[in-house]
Amino acid sequence: MFRSATVLLALLFASAGLGNAAKRLAQIDHVDQADIRGSASVSVSVSASVLPSGFSRCLFYDDFSQPSGHLPDPSKWQVDLGTAYPGGGPEHWGTGEIQTYTGDAANLRVTREGTLKITPVRDGRNKTWTSSRIETTADWDFACPRGHRMRVEARIRLGGNPGPVSMGIWPAFWVLGSGYRANYSAWPAVGEVDILESVNGEARVWQTVHCGTSPGGACNEPSGRGHVSDGAERASWHTFAWEVDRRRWPLGLGSESMAWLVDGETRWTFREADLHGDEAWHAVVANSKMVLLNVAVGGALPNAIAGFDTPTNRTRGGDGAAMEVDYVAVYSSWL
C-alpha cells in the first residue's frame with residue numbers, strides 16, 4: 001500500500017550545546033510509504049541538501065516540534081505504559097528494571113527548546129520510580145533491503161548526575177524487530193540492536209547486537225555480542241548512529257556489515273562473517289524495525305556493571321538523570 005503527500009519539514013542542524021539554535025528548512029517533495037511487513041522499506045524522498053553524505057532518502061524524521069509540554073507526535077510514537085506490554089509481554093520489560101513507565105509530563109514531554117526529554121522520577125515517600133519509554137508506530141517500520149545502506153541516528157544529551165547518585169539509571173536508544181509486536185516470545189530471534197546504552201552515570205556507551213536463540217546461540221544470549229566505547233561525556237550533545245551496509249561491493253561478493261558511530265566516528269564494525277548464522281544475520285540487518293527511546297531504572301545491565309543491585313538509596317532522578325533528544329532520523333541509499 002502506498003501513500004503520497006507533500007509536507008514541509010524543519011530539519012535541525014545545531015552546534016553542540018546550543019540545542020535548537022539553528023534551523024534549516026527543506027521541502028519534502030513527496031512521501032511514499034510501503035507496507036514493509038516481510039518485504040520492502042519505507043521511503044521518504046527529501047532534498048539532498050539535508051541528507052548526510054552518502055545517503056539519498058529519509059525514511060523517518062522527527063525533531064519534536066510539538067508545543068512545549070506536549071507528548072511526542074502520536075502518529076509517529078507510541079507511549080509504552082506500565083511494567084510490561086499488555087497481553088503477555090515479559091514482566092519488568094524482560095530486563096528486571098523496576099520503574100513503571102507513564103505518559104505523564106513529569107516523565108515525558110517536549111521542551112521549550114524543541115527537544116524531547118525523558119526523565120526518571122523517584123517518589124521519595126514509597127521509593128518507587130516512574131519514567132518513560134516510546135517506540136515508533138507500525139506505520140513507520142523500516143528495513144534495509146539487499147543492495148541498500150541505512151543509518152539510524154539521533155542527537156542525544158544524557159543527564160550529568162555523577163556516578164554515585166546515578167546507580168541504576170539506564171538510558172537507551174535502540175531498534176527492535178517489529179515482529180515483536182505480534183509475538184512477545186520472539187526475542188531475540190526478531191533481532192535487536194542497541195545503538196546507545198549508558199548506565200550508572202558512566203561516560204561509556206554500550207553497543208550491542210541481540211539475535212538467534214537464548215540462552216547461547218549466534219549472539220551469545222542473553223548478553224548479546226557487543227562493544228563498549230569511551231568518550232561520550234555526559235551533559236553534552238552527541239550524535240549516535242548505527243549503519244547497515246548491504247551493498248556487497250565489489251560485484252556482489254563482499255561481506256555485509258554494521259557500524260556504530262559516535263559524533264561521526266566509527267566506534268565498532270561488525271561483519272556478516274563475524275556472526276555464524278545466516279538467519280540470525282538476516283534478522284538483525286534485514287527484518288523490519290522500530291525505534292525505541294527509554295530511560296530504565298535498575299535491571300540486568302546496570303546491576304552487572306555495578307556489581308550490586310541498583311538503584312541505591314542515593315540514586316537521584318530528575319533532570320540530572322534525564323535523556324534529552326534533539327532529533328531521530330532514519331536514512332537510506334540505493335546501490
Side-chain angles (χ1 to χ4, degrees), residues 2 11 28-61 136 140-154 173-179 190-196 207-212 218-219 224-227 229 239-291 328-335:
F2 293 88
L11 289 178
I28 292 183
D29 300 315
H30 63 277
V31 178
D32 293 326
Q33 184 160 333
D35 184 345
I36 65 167
R37 293 175 180 88
S39 57
S41 68
V42 231
S43 175
V44 180
S45 292
V46 300
S47 168
S49 64
V50 302
L51 293 166
S53 176
F55 293 90
S56 57
R57 297 182 298 158
C58 182
L59 307 184
F60 175 84
Y61 188 89
T136 47
W140 294 100
D141 287 351
F142 55 89
C144 185
R146 189 178 298 277
H148 289 225
R149 179 183 173 208
M150 183 182 73
R151 177 189 290 181
V152 185
E153 176 180 286
F173 162 46
W174 50 299
V175 299
L176 179 65
S178 55
V190 293
E192 174 186 329
V193 176
D194 302 321
I195 304 169
L196 155 71
Q207 301 152 326
T208 311
V209 178
H210 295 281
C211 70
C219 279
R225 303 280 297 273
H227 175 80
S229 293
T239 301
F240 300 95
W242 170 61
E243 286 192 7
V244 179
D245 192 341
R246 304 194 67 205
R247 295 174 295 178
R248 286 184 171 268
W249 297 112
L251 301 176
L253 300 177
S255 176
E256 296 179 354
S257 65
M258 299 180 283
W260 285 253
L261 300 90
V262 179
D263 296 329
E265 176 187 346
T266 300
R267 298 296 182 88
W268 182 39
T269 300
F270 192 65
R271 295 177 173 81
E272 186 176 5
D274 297 329
L275 188 65
H276 304 295
D278 292 343
E279 185 176 345
W281 180 261
H282 187 273
V284 174
V285 301
N287 281 2
S288 65
K289 300 286 191 301
M290 54 183 174
V291 175
V328 179
V330 182
Y331 305 110
S332 181
S333 66
W334 298 93
L335 283 169

> So which heavy atom on V284 is nearest to which on G191, and how close?
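Closest pair (atom of V284, atom of G191, distance): CG2-CA, 4.5 Å.
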
> Describe, in one word, how the ring planes of W281 and F270 are oriented to each other, choosing from parallel (under 30°), tilted (30 to 60°) and perpendicular (over 60°).
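Ring orientation, 0 to 90° scale: tilted.
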
> Do S333 and R149 have side-chain atoms, one donor and one acceptor, less than 3.5 Å apart?
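No, because no side-chain N or O of S333 sits under 3.5 Å from a partner of the opposite role on R149.
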
> Would you please name every residue forming a side chain to side chain donor-acceptor pair (under 3.5 Å) with D274, sequence neighbours left out?
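In terms of side chain to side chain donor-acceptor pair (under 3.5 Å), with neighbours along the sequence ignored, D274 is linked to no residue.
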
> Which residues pass the side-chain contact (heavy atoms from CB on, under 4.5 Å) test with N287, not counting sequence neighbours?
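N287: side-chain contact (heavy atoms from CB on, under 4.5 Å) contacts with H282, A283, K289.
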
> side-chain contact (heavy atoms from CB on, under 4.5 Å) with V152: which of W174, F173, Y331?
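One option only clears the test, and that one is F173.
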
> Does the side chain of S178 pick up a donor-acceptor pair with the side chain of S288 at under 3.5 Å?
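On atom types as modelled, these side chains qualify, holding a pair under 3.5 Å.
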
> Would the distance check show the side chain of R57 and the main-chain N or O of W334 forming a donor-acceptor pair, the cut-off being under 3.5 Å?
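Between the backbone of W334 and the side chain of R57 there is no qualifying donor-acceptor contact (under 3.5 Å).
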
> Mind checking side chain to side chain donor-acceptor pair (under 3.5 Å) for R151 and listing every partner two or more places apart, or none if nothing turns up?
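Listed in chain order: E153, E243.
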
> Taking all non-hydrogen atoms of both residues, which atom of H227 and which atom of R267 are closest, and how far apart?
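The pair with the smallest heavy-atom distance is NE2-O, 3.1 Å.
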
> Nearest heavy-atom pair of A154 and V328: which atoms, and what distance?
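Smallest heavy-atom distance, with atoms named: CB-CG2, 4.1 Å.
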
> Consider side-chain contact (heavy atoms from CB on, under 4.5 Å). Of V209, D245, L275, T269, which one does M258 pass it with?
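That would be V209; it is the only one of V209, D245, L275, T269 passing the side-chain contact (heavy atoms from CB on, under 4.5 Å) with M258.
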
> Are any of the side-chain heavy atoms of M150 and F55 separated by less than 4.5 Å?
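M150 vs F55: side chains apart.
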
> Between the side chain of W268 and the main-chain N/O of T208, is any donor-acceptor distance below 3.5 Å?
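No.
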
> Check for a donor-acceptor pair, side chain of H148 on one end and backbone N or O of S332 on the other, with a separation under 3.5 Å.
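Side chain of H148 to backbone of S332: no pair is present.
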
